[in-house]
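Report on one structure; see the data block that follows.
Starting from 1, each residue takes its place in the sequence as its number.
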Amino acid sequence: MTGNLCEETAESLSAAQHLTMGYVGPASAEGSGSFSTVQNLIKPFVGAGILALPKVWSDGGILLSSGLLLVLAYVALWAIFCLVQCSDDMMLAEARRNARQRLAAQSPSSPSSSSGSLSSAPAPTSYASNDEFSAAVVPLFDANVFDDSLISAADRAAVPLPTFTEVGRAAFGYWGAFAVDVSILITQMGACIAYIVFMSKNFSQVIGLAAPIWVGIMFIPLALLSTIRKMEKLAPFSAMGNIVYIFTIIVIMIQGVRANNMVPRDDIVWSDFSFLPLIFGTVSFALEGIALILPIKNRMKQPADFRKLMVIAMIVVTLLYLGFSIFGYVLFRDVKSPIISSLPDDWLTDTVKISLSIAIFFTFVLQTFPAALFFDEVIDAKLGISMAELKAAKIREREMLTASGAVLGSDDNPADDLDSPEVLVPHLAGRRFALQNMARFLFVAFVCIVGIIFPDFKLIVSLFGSLSNAMLAYVFPALFWIKICSSVPLYGVIYFPFSRTGEPAHNPFLPADDGETLLGEEGDSESASGVSARAAAHNKHRQINAEDVQVEKPVAVMSPTTAQKAKWIVFPIVVAVLGIIASIIGVTDAIRDLVKEFSS
């Protein structure tokens, strides 16, 4: 269970308190425990970006850089809770819809049932096959407060975990999902470019040959590895990367002490505001791991502990970044970016550079995976197919054949991999496979070319940190929370404008008999005469429930005060606006420095 994003401060929010408890599905007996969960929550935030921090501290100063790190770490943590709250509210709304759909289908007045009542909580039915009482008849939202005790385990289990993209689609429709997908694509692209620059420099320094030559050498194997469809095959290399990162940090500290080349006290930079955009971009690059948080939470044994464990993980990450950045700056008089380039030339340094480059080589492939999925969706759209819909149709077909006692033919073997294009689209499988590989090769070629043209690790990290990482880490969660979750603390109801699939969600709180809106005087409204088909379909469903058993009660819609609106809305708006402004300034500053470097 995730708690409220803020503390309750007024008795008038008692209705909201019930709704903001969040969606809590059954804990998995095979889920991760507290210690492994903290480890998993730390992993998304610790990567190659940490190697750029000491140089930023030397430029921006210890006090300014450390202060901004603390502020951004707090905002990133708050944004994670915002995204989790959006996910919880979406899942709770869908679980309630599933329960209402099941109860309506099995009520006495429904054609599909001859007996039973809503209060008897009958056994769940198949949502996929219940066409008469589909989501079009039983809408996602209802203007009555639903008794959550009527939600069965099957109702909850039928709700999949929303992705970051689906949260964006629920908040802003197509453009919300598009913004998230593009930002994730740009983020992964930035990470891949930074990795290319990092590896080519290390191989050049240790083995010889120019860095661009190493980029050309790595291109073919990286492109081939990017065609791997199942990432679990690279899991051992991911585990190796975690060990190598720890080994690298230890070696950097040891080499810094052995070098005895500390910055004199009088020469320490405490603050330089001219480097504020650089600090913002680099720290944002290091702190962006929010896209992986939802799956980690879903695998927890005790989801109720998520908030506490996430706070612990963020404190550990912040202290790690703070300590490494300060000591990395102080221990090396002339610190470079990445800091590994500041180490003395000896066998230990060479060992770290080679082992870290090998680990990043395989991590590069993992970073291309989200981009590959994005390209796959584009290719499928161009081919006019939807793998998810085809898979669902194939499953329903086999369920119907099995239920009817039919014998499955050779083409309907239950052991077939329903994720395989050869099973779902055999006539397009070869063409689809070729187009996907071409897209992967072009993506790797693009990041290699950019890495050759702009080989400055520090500026690449700052540019992409300001451009897309900041949007994912701060701006989008704040905006999505306003659209999806703000109705709960303000009005005591769950409502968001779109379903996870992008279909407009009917707002049952708009029409009222007196022509006013239930969501407050300033909310979007329709006149009573303009409500038409959507309201009629919704009211039909409500009449069915009223004729059976009264298990629902009218919602107690609140009228929040100005202070309450400010408490729940102003901070997300401020975060979103300041995040956008800082992102624009950071991107402009990084592009100017990259152009200056390229010109010289």
If you apply the rule side chain to side chain contact (heavy atoms under 4.5 Å, CB included), what do you find for L463 with F454, and how did you get there?
CA-CA 11 Å; L463 172 62; F454 301 105; over 6 Å; no
Return yes when atom CZ of F374 has more than 12 non-hydrogen atoms of other residues, nucleotides or ligands closer than 6.0 Å, and no otherwise.
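Enclosed: over 12 neighbouring heavy atoms sit under 6.0 Å from CZ of F374.
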Side-chain contact test, heavy atoms from C-beta onward, threshold under 4.5 Å: evaluate it for [X] versus [Y] and give yes or no.
X	Y	answer
L222	F361	yes
L72	Y474	yes
I340	F457	no
R169	R500	no
P477	I290	yes
T163	V167	no
I252	F327	no
F306	I293	yes

Could you tell me whether a side-chain N or O of [X] sits under 3.5 Å from a main-chain N or O of [Y], the two making a donor and an acceptor?
X	Y	answer
E288	F285	no
S87	L83	no
T368	V365	yes
S65	I62	no
S583	S466	yes
K201	P455	yes
T165	V180	no
S284	G281	no
R156	A95	no

Which value, rounded to the nearest 0.5 Å, describes the distance between [X] atom [atom1] and [Y] atom [atom2]?
X	Y	atom1	atom2	value
Y245	S355	OH	OG	11.0 Å
K308	I312	NZ	CD1	6.5 Å
I573	L578	CD1	CG	11.5 Å
Q188	L373	CD	CG	10.0 Å
S271	L68	OG	CG	12.5 Å

Let me have the donor-acceptor pairs involving side chains of residues 190-199, under 3.5 Å, with sequence neighbours excluded, atom names and distances please.
none

Between F178 and W175, does the ring centre distance come in under 6.0 Å?
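Between W175 and F178, which both carry aromatic rings, the centre distance is below 6.0 Å.
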Flag the pair F571 / W78 as yes when their ring centroid distance falls below 6.0 Å, and as no otherwise.
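Yes - the distance between ring centres of F571 and W78 falls below the 6.0 Å cut-off.
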Evaluate L51 against L356 for side chain to side chain contact (heavy atoms under 4.5 Å, CB included), listing each step before the verdict.
CA-CA 11 Å; L51 302 177; L356 188 58; 3.8 Å; yes
NZ or CZ of R307 within 45° of F81 ring axis and under 6.0 Å
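Cation-pi check for R307 and F81: passes.
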Presence of salt bridge, K458 and D59, under 4.0 angstrom
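Salt bridge between D59 and K458, a charged N being under 4.0 Å from a carboxylate O: yes.
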Before giving the answer on side chain to side chain contact (heavy atoms under 4.5 Å, CB included), spell out for F369 and I228 the whole-Å C-alpha distance, their side-chain angles and the decisive distance to 0.1 Å.
CA-CA 9 Å; F369 192 60; I228 296 177; over 6 Å; no
Going by distance alone, is a donor N or O of one side chain under 3.5 Å from an acceptor N or O of the other, for S468 and T187?
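Checked: S468/T187 side chains pair up, N/O donor to acceptor below 3.5 Å.
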